[in-house]
Structures are given as C-alpha cells and as structure tokens.
Amino acid sequence: TTPAELRRGQDVNDVSPRPALRPAYDRLVVDDQARLWIREWYGGSTGPDRWWVFSHDGALMGSVDVPHGLRLMAVRRDQAWGVVRDDLDVQYVVRYAVRAAGS
C-alpha cells in the first residue's frame, strides 16, 4: 500500500456513512494459559489496537495495546507472535515480550 493509496482510503473512510451499531470486537485468540484475548473493533482507527484479556474463568485481567496492523496469531507464556506487512506488502513474523502491568 502506497501513501497515496492510504490517503485515498482515508478519504473514502471519512465520507462513508457510519452504522448506528458496530461490533464490540473482531478477533479472538486463546493463549496457552487458557486466557481469552479479544481485539476491540478498531472502526478504521490507525492508532494502536486494544486487546482485552480474560482469565480462563472469565475475569477481566486487563488490556494490551499492540501496534496497528499487527495480526496477533499466538500468545505463549510471556511472548506474543504476529504478522505485520511492510510498505511493499511483504509479510514478516514478529515476536513481542508480554509483561504484566507493574513488572
């Protein structure tokens, strides 16, 4: 995607009608600790994507902001893996450390 294509896409997004109702989330990932990661529906935002993390019994553990465009694929213990695309639309696997708040 070129910068001109991104601007054109943003222009279309700016004038597109907004639905009265929107989904609350758009992706789910279960990690190796049976925690459920739910991505908040981004609605065309270019800011970080927010994921809400729930324990295996359904208790909210907190939220995690990840770079926009990262397609989270797996979370294992203290690491998260995903796929990103560069300016030439080439896909790369990336790994991030996952730390609890305050650590």
Side-chain angles (χ1 to χ4, degrees):
T1 306
T2 67
E5 290 171 328
L6 289 174
R7 279 191 303 277
R8 215 172 16 256
Q10 185 62 45
D11 291 343
V12 168
N13 189 44
D14 290 344
V15 298
S16 296
R18 301 279 187 252
L21 299 175
R22 301 178 200 179
Y25 60 89
D26 66 351
R27 288 224 46 234
L28 303 172
V29 173
V30 177
D31 70 15
D32 64 339
Q33 306 288 311
R35 294 176 296 213
L36 179 62
W37 292 61
I38 300 175
R39 184 172 69 182
E40 192 174 285
W41 187 68
Y42 74 100
S45 168
T46 56
D49 293 337
R50 173 148 302 156
W51 288 79
W52 295 94
V53 183
F54 295 86
S55 67
H56 70 280
D57 60 0
L60 176 63
M61 298 178 71
S63 65
V64 178
D65 288 341
V66 302
H68 181 69
L70 169 71
R71 182 167 172 81
L72 186 65
M73 303 300 286
V75 182
R76 302 290 182 264
R77 296 204 180 266
D78 60 351
Q79 299 179 36
W81 285 270
V83 176
V84 295
R85 293 177 184 265
D86 67 11
D87 294 339
L88 298 174
D89 207 29
V90 176
Q91 295 183 23
Y92 293 93
V93 174
V94 295
R95 178 177 51 120
Y96 290 95
V98 176
R99 294 184 296 271
S103 63

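A continuous path of Ile, Leu, Val, Met, Phe, Trp and Tyr side chains, each step under 4.5 Å between heavy atoms, connects Val84 with Val90, placing both in one hydrophobic cluster. When the side chains of ILVMFWY residues are joined at heavy-atom separations under 4.5 Å, either directly or via intervening members, Val29 and Met61 end up in a single hydrophobic cluster. Under the 4.5 Å side-chain heavy-atom criterion for grouping Ile, Leu, Val, Met, Phe, Trp and Tyr, Leu70 is not connected to Met73 through any hydrophobic cluster.
Note that the CD atom of Gln79 and the CG atom of Asp32 stand 10.0 Å from one another [nearest 0.5 Å]. Distance check: Arg39 CZ to Asp49 CG gives 5.0 Å after rounding to the nearest 0.5 Å. A distance of 4.0 Å separates CZ in Arg71 from CZ in Arg27, rounded to the nearest 0.5 Å. Atom CG of Leu36 is separated from atom CG of Leu60 by 11.0 Å, given to the nearest 0.5 angstrom. In this structure, CZ in Phe54 is found 10.0 Å from CG in Leu28, a value given to the nearest 0.5 Å.
Residues meeting the salt bridge (charged side-chain N to carboxylate O under 4.0 Å, His left out) test with Arg76, sequence neighbours left out: none.
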Derivation and outcome, side chain to side chain contact (heavy atoms under 4.5 Å, CB included), residues Arg35 and His56: CA-CA 5 Å; Arg35 294 176 296 213; His56 70 280; over 6 Å; no
Let me see the working for Val98 and Tyr96 under side chain to side chain contact (heavy atoms under 4.5 Å, CB included), right down to the final yes or no. CA-CA 6 Å; Val98 176; Tyr96 290 95; 5.6 Å; no
For side chain to side chain contact (heavy atoms under 4.5 Å, CB included), just list the numbers for Val64 and Val53, CA-CA rounded to whole Å, side-chain angles, deciding distance to a tenth of an Å, and then say yes or no. CA-CA 8 Å; Val64 178; Val53 183; 4.0 Å; yes
Does Glu40 form a side-chain hydrogen bond (donor to acceptor under 3.5 Å, both in side chains) with Trp52? I'd like the steps, not just the answer. CA-CA 7 Å; Glu40 192 174 285; Trp52 295 94; 2.8 Å; yes
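By the 4.5 Å heavy-atom criterion applied to side chains, Val83 and Tyr92 are not counted as neighbours.
When Ile38, Leu72, Val75 are each tested for a side chain to side chain contact (heavy atoms under 4.5 Å, CB included) with Trp51, only one passes: Leu72.
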